Protein chains: 2
Amino acid sequence: MSNGRPPTSHDVASLAGVSQSTVSLVFRGAASGRVSERTQRAVVDAARQLGFRPNADARRLRTGGPPMVLIAIPDIVNPFFARVFTGARAAAREAGFQVVLSVQRDLDSVAADVTGQRIDAVLACSLQDGGRPLEDPVPAVVLDAEPPQGQSSVRFDIAPALTELVDHLHRLGHRSIAHLRSEVRTATFRERTEAVDAACARRGMNRMPVASALNIDAAREAATALLPAPAGSGGCPPFTAVVCDDDVLSVGVYKAAQDRGLSVPGDLSVSGIDNVDLATAVTPELTTVDLPGEELGATGMHRLIAHLERGGGSRGGTGGAATTECVRLPARLLIRGSTAPPADPASRG
Amino acid sequence: MSNGRPPTSHDVASLAGVSQSTVSLVFRGAASGRVSERTQRAVVDAARQLGFRPNADARRLRTGGPPMVLIAIPDIVNPFFARVFTGARAAAREAGFQVVLSVQRDLDSVAADVTGQRIDAVLACSLQDGGRPLEDPVPAVVLDAEPPQGQSSVRFDIAPALTELVDHLHRLGHRSIAHLRSEVRTATFRERTEAVDAACARRGMNRMPVASALNIDAAREAATALLPAPAGSGGCPPFTAVVCDDDVLSVGVYKAAQDRGLSVPGDLSVSGIDNVDLATAVTPELTTVDLPGEELGATGMHRLIAHLERGGGSRGGTGGAATTECVRLPARLLIRGSTAPPADPASRG
DNA sequence: ATGAAAGCGCTAACAG
DNA sequence: CTGTTAGCGCTTTCAT
């Protein structure tokens with residue numbers, strides 16, 4: 001019976017013995033008081049019989065529909081991005097924007113993800129560096145990353161918190177620390193390294209950098225390699241604290257310390273960045289830098305919308321220089337259980 | 001200068017001094033060898049000048065575009081759903097489907113989320129109970145939940161693992177356990193409760209059920225209330241193990257035990273369900289039931305696609321009874337550090 | 001190498 | 001109450 005292609009309102013109309021526009025009226029919900037009960041039922045029945053669904057593309061071609069904004073995050077597992085998404089979506093909703101979420105690490109994949117979709121604006125969070133800007137003149141705001149072109153961005157100001165952390169460690173007596181970095185090559189992580197390096201230099205502290213992939217197991221391995229061999233080898237590590245670029249890495253260090261029979265924070269102070277669930281789940285709770293992800297998302301979305309409302313369609317020669325702004329959101333150091341003076345202040349002579 | 005509404009290919013055509021169809025040719029990428037270099041440049045320039053972007057809705061109305069499947073998950077923070085999404089998306093991609101993700105707890109919100117979008121099929125994971133089925137005749141498969149109507153579903157078979165867990169505890173000497181349940185009223189959690197109850201009954205074990213919201217803090221509070229007052233009150237808890245409906249809850253119990261000065265697993269055995277990151281981050285690592293989320297997502301998507309390919313458009317009277325299937329995926333018990341015999345087997349006389 | 005013209009399936013006036 | 005009509009912006013023959 002059924003033809004190959006899906007039934008249209010015409011098909012429904014002829015089956016129900018009415019005109020196509022009547023079908024339209026019914027399916028728009030505009031039928032009350034304008035189409036008789038009997039006719040409505042006939043239409044609905046015919047539609048059900050045919051499995052008819054109004055063609056969304058055709059409808060939107062006519063009516064326009066609400067503007068759609070794409071939120072892109074690189075990872076769905078990391079709770080931090082979840083927070084960003086939550087904040088951004090709330091802001092978008094409030095402004096009457098429809099949201100579509102794309103989970104991809106780089107912009108090209110994002111583009112592929114939404115090919116053929118009507119996207120009016122893009123909010124891209126923590127995308128990989130070096131991605132060229134969107135070829136399309138879509139208004140975009142970048143979150144927590146180097147804006148590729150002349151795009152606006154919202155980022156964290158992490159350096160002060162990291163400086164505060166290093167100072168705090170210094171005050172407690174730490175003189176030599178390890179810095180467990182992320183292998184991910186994004187602007188945020190570069191900035192974190194720079195901030196730690198600068199702070200250490202300023203205090204004349206020794207700093208030992210190591211890189212690891214952003215998961216517990218990799219961090220555990222990297223940290224284990226750093227820590228002295230198991231009991232009896234007589235060694236304390238050549239550092240008394242580990243500053244990590246991410247809470248996930250810190251958990252790896254906790255595990256490694258445990259493997260090596262070292263106590264946290266007795267033998268080793270550990271800190272992270274992000275303040276995700278993991279940070280309070282571990283014992284002792286992790287000293288970390290809280291990054292207000294929701295606020296990041298919300299702020300970015302607000303800027304994007306503002307840009308849109310004032311005609312951000314990158315129209316002609318309307319000098320668009322002033323639109324490239326970079327806002328920085330403050331990050332807050334949360335000192336919790338893990339930071340304490342080194343076991344033996346004389347460990348390095 | 002700029003009119004209110006966005007520029008169309010006609011606008012570009014007249015600015016470039018060519019016909020509209022030429023503009024179309026260029027923007028489809030079908031211009032090579034058919035439109036002169038000079039003309040192409042003129043078109044591109046005019047388009048850039050106007051900020052022209054081809055209207056995606058119009059294009060899709062003509063060409064159809066790839067089928068789109070909606071994946072709905074209730075929560076983006078929970079890594080379990082992340083796994084489901086990952087598995088489902090991979091399967092969809094492989095089959096040439098475009099994916100749109102909606103993060104909403106109930107079907108109505110999901111519907112609102114994608115109003116006006118062209119959705120050809122729906123894969124809904126762990127949706128709240130009691131939601132009426134979609135009014136639209138969209139092919140759908142339900143994951144990890146009671147299928148609302150006559151819809152297919154893919155779910156876990158958790159009971160055997162839970163039975164195994166209780167048996168394991170029994171064998172170790174546990175006779176009285178607490179069951180920390182989730183307040184969320186979904187089919188999965190009901191099933192978990194039933195399985196624990198049944199297993200306890202079969203072994204003649206005492207069981208103390210408590211409900212909590214699905215986050216660490218709530219679980220911590222609930223568990224604290226259950227555990228004996230701080231040091232000196234002389235009491236051991238009236239149970240020697242806590243079986244939790246979710247890893248997140250287990251972490252709350254770890255914290256509560258710590259608050260009360262109880263050791264895990266020395267004084268208290270704790271187990272969870274899900275096997276998320278948290279489960280291995282805590283010390284000792286958590287005994288839990290691994291739910292293969294990726295497989296759940298992939299299996300569900302495969303079924304959905306299969307249903308689609310064989311004309312699943314819910315056409316007419318084609319007896320659709322046989323399509324309502326329910327697959328069960330096995331869950332696996334992972335016994336890790338946390339399960340051990342109770343501190344004093346005589347604690348309850 | 002370019003243009004004219006006919007729709008895709010729907011909505012939204014406007015007539016009856 | 002219902003039907004007629006004209007597009008929405010694009011793709012896609014078919015002429016030129």
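Each chain gets a letter, A, B and so on, in the order the sequences are listed, and its residues count up from 1. Since this is a predicted model, take the numbers as computed values, not measurements.
Contacts between chain B and DNA chain C, taken as any atom within less than 4.0 angstrom of a protein heavy atom, begin and end at C:dA1 to C:dG9.
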With sugar-phosphate taken as primed atoms, P, OP1 and OP2 and all else as base, the protein-contact string of nucleotides 11-16 of chain D at under 4.0 Å (heavy atoms; B, S, -) is BB----
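Dashed line: the shortest gap from a side-chain N or O of A:Thr22 to OP1 or OP2 of D:dT2 is not under 4.0 Å.
Residue B:Gly33 is in sugar-phosphate contact alone, with no base atom involved, counting any heavy-atom pair closer than 4.0 Å across all strands shown.
Residues passing the side chain to side chain contact (heavy atoms under 4.5 Å, CB included) test with B:Ser36 are B:Arg38, B:Thr39, sequence neighbours excluded. Annotation: side-chain hydrogen bond (donor to acceptor under 3.5 Å, both in side chains) contacts of A:Ser24 (sequence neighbours excluded): A:Arg28. Evaluation of the side chain to side chain contact (heavy atoms under 4.5 Å, CB included) rule for A:Ser19 yields A:Ser21, A:Thr22 as partners, not counting sequence neighbours.
For the helix from C:dA1-D:dT16 to C:dG16-D:dC1, the angle separating the two terminal helix axes comes to 40°, with each axis derived from five pairs and the value rounded to 10°.
The only option from B:Thr188, B:Thr186, B:Asp144 that meets the side-chain hydrogen bond (donor to acceptor under 3.5 Å, both in side chains) definition with B:Ser126 turns out to be B:Asp144. The residue from A:Arg62, A:Arg59, A:Arg60 that alone fulfils the salt bridge (Lys or Arg N to Asp or Glu O under 4.0 Å) condition with B:Asp57 is A:Arg60.
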May I have the step-by-step check of salt bridge (charged side-chain N to carboxylate O under 4.0 Å, His left out) for B:Arg93 and A:Asp113, ending in yes or no? CA-CA 10 Å; B:Arg93 291 257 176 77; A:Asp113 216 14; 3.1 Å; yes
Using side chain to side chain donor-acceptor pair (under 3.5 Å), reason through A:Ser9 and A:Gln20 one step at a time and then give a plain yes or no. CA-CA 6 Å; A:Ser9 57; A:Gln20 183 272 333; 3.0 Å; yes
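The two residues B:Ala56 and A:Gly116 make their nearest non-hydrogen contact at CB-O, 3.6 Å.
In this structure, NE2 on B:His302 lies 11.0 Å from CD on B:Glu295, to the nearest 0.5 angstrom. B:Leu329 CG to B:Thr299 OG1: the interatomic distance, rounded to the nearest 0.5 Å, is 4.5 Å.
The distance from atom CG of B:Leu61 to atom P of D:dG7 is 17 Å, rounded to the nearest whole Å.
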